[in-house]
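Only one structure is covered here, and it is reproduced in the block below.
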Amino acid sequence: MSLPLAWSPAVPRGERSDAVARRAAVEPVLALQGIGLRFGGLQVLEGVDLAVQPGEIHALIGPNGAGKSSLLNIISGLYRPSAGRVQLGGQRFRRVPTARLARLGVARSFQNLALFPGLDLRANIALGRVAAERAGLFAQWLGLARARREAAEARQLTEALIQQLGLAEVADRPVATLPYGLKKRVELARALIARPRLLLLDEPLAGVPAEEKPALAALIREARAREGFGVLLIEHDLAWVLALADRLTVLDRGRVIASGAPEAVRQDPAVVAAYLGGGPA
Ligand SMILES: Nc1ncnc2c1ncn2[C@@H]1O[C@H](COP(=O)(O)OP(=O)(O)OP(=O)(O)O)[C@@H](O)[C@H]1O
């Protein structure tokens, strides 16, 4: 028996680029060791181990209330785990320093869009670069060489992403006037402009019209192949998870009940039982 799901329409899975293969030889972009989380008497997570390799799209799935968002909040420093360590950018943390996330190579998109509706799309994307800039505001004000170089690079990257994500025709429009599917692309572009090593995506396809999902999923895969970053995503649309992810980790009531390639996980009896018992996530 396997999860009652049809495989999604083909997303080009693509060959992993040489750059991705080279980076795959190095350490994981994210490693969680023995993560536990308690809220009062509620044990939300317990003994969670998980690693994301460079160039890997890793999906975190599980029934409602399994602890997926809490785990993402721990990785981005919003929650402090009650046990375990998070390894990011070669460093191990009990609590990840949120203010240093960009410097640690992490970018995150949110379930509810966090865009500036009055600003045009180009400005929204460029803002994603600010946290990753090395030259401080003072250097920018002084017009120092490094700051000028970074500003030029940010403009180039913005334009490249606008092209790559198919946003050229709407680049000058205020984000508020864009349909939801395009707003999701802007949010993806804003995360990508920081050139992350780890991209955290919270329900990247939620609310996107069905006919636009294949294109958005393909854009995520293409960006990953081009840049070689690792992705950890939460997505409730399981058909798309199976099409997008290279690897799945399944949480149920705060514990990892399965981890592996999508086809193997899909047939795992514990996973089937968790979903059938609790209803699809
Ligand atoms: N800040 C908090 N305070 C208290 N309890 C919390 C907090 N955040 C999460 N929880 C609890 O932790 C458990 C896991 O919630 P979480 O949102 O992480 O699950 P999830 O797998 O993301 O669920 P869903 O798929 O429904 O979004 C739930 O019982 C939730 O009520």
Side-chain angles (χ1 to χ4, degrees), residues 3-5 8 30-52 57-86 88 93-99 101 106-114 180 184 187 191 198-208 213 216-217 220 230-245 247-260 262 265-266 268 270-281:
L3 282 178
L5 292 167
S8 262
L30 168 71
L32 304 179
Q33 291 144 355
I35 295 293
L37 178 67
R38 287 185 76 82
F39 285 114
L42 183 67
Q43 187 78 42
V44 172
L45 295 167
E46 193 163 8
V48 175
D49 296 331
L50 183 156
V52 178
I57 299 183
H58 195 127
L60 191 59
I61 67 168
N64 293 116
K68 305 179 294 292
S69 301
S70 298
L71 200 59
L72 224 56
N73 284 340
I74 286 174
I75 298 164
S76 43
L78 299 176
Y79 289 173
R80 181 184 199 276
S82 43
R85 291 285 184 271
V86 178
L88 276 175
F93 302 97
R94 168 52 75 86
R95 180 171 195 161
V96 175
T98 312
L101 265 189
V106 182
R108 175 172 184 176
S109 84
F110 288 87
Q111 193 172 339
N112 302 311
L113 297 167
Y180 192 78
K184 285 291 240 193
E187 216 204 16
L198 174 67
L199 179 61
L200 303 173
L201 297 177
D202 196 350
E203 299 205 45
L205 301 177
V208 175
K213 286 187 180 182
L216 187 55
I220 294 169
V231 180
L232 181 66
L233 63 88
I234 298 177
E235 177 56 56
H236 279 165
D237 186 334
L238 288 183
W240 278 107
V241 166
L242 293 170
L244 249 177
R247 192 173 175 86
L248 305 183
T249 290
V250 188
L251 280 182
D252 186 27
R253 285 169 283 180
R255 291 168 178 270
V256 174
I257 58 165
S259 187
V265 167
R266 188 176 170 232
D268 187 309
V271 177
V272 175
Y275 271 93
L276 294 185

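Whatever order the structure lists them in is the order used to number ligands and atoms, beginning at 1. Keep in mind it's a predicted model, so treat the numbers as computed, not measured.
- Checking side-chain atoms of K68 against main-chain N and O of L251 turns up no donor-acceptor pair under 3.5 Å.
- In summary, the atoms of ligand 1 found under 4.0 Å from a heavy atom of Y79, numbered by their order in the structure, are 1 (N), 2 (C), 7 (C), 8 (N).
- For G67, the closest heavy-atom approach to ligand 1 falls below 4.0 Å.
- V96 places none of its side-chain heavy atoms less than 4.5 Å from the side chain of I75.
- Residue-ligand proximity, H236 to ligand 1, at heavy-atom distances under 4.0 Å covers atoms 25 (O).
- The distance from atom CG of L201 to atom CD1 of I234, rounded to the nearest 0.5 Å, is 10.0 Å.
- Inspection of the R38 and S82 side chains reveals no N or O donor paired with an N or O acceptor under 3.5 Å.
- Less than 4.0 angstrom separates some heavy atom of A66 from each of these atoms of ligand 1: 19 (O), 20 (P), 21 (O).
- Under the salt bridge (charged side-chain N to carboxylate O under 4.0 Å, His left out) criterion, R255 pairs with E46, sequence neighbours left out.
- Residue nearest to atom 14 (C) of ligand 1, selected from G254, S69, G65: G65 (by heavy-atom distance).
- Residue-level proximity to ligand 1 for L42 is carried by the side chain, the only part with a heavy atom below 4.0 angstrom.
- The line from CG of L45 to CG of L32 is 9.5 Å long, rounded to the nearest 0.5 Å.
- With a heavy-atom cut-off of 4.0 Å, V44 touches ligand 1 through its side chain alone.
- Near S70, meaning under 4.0 Å from one of its heavy atoms, ligand 1 places the atoms 9 (C), 15 (O), 16 (P), 18 (O).
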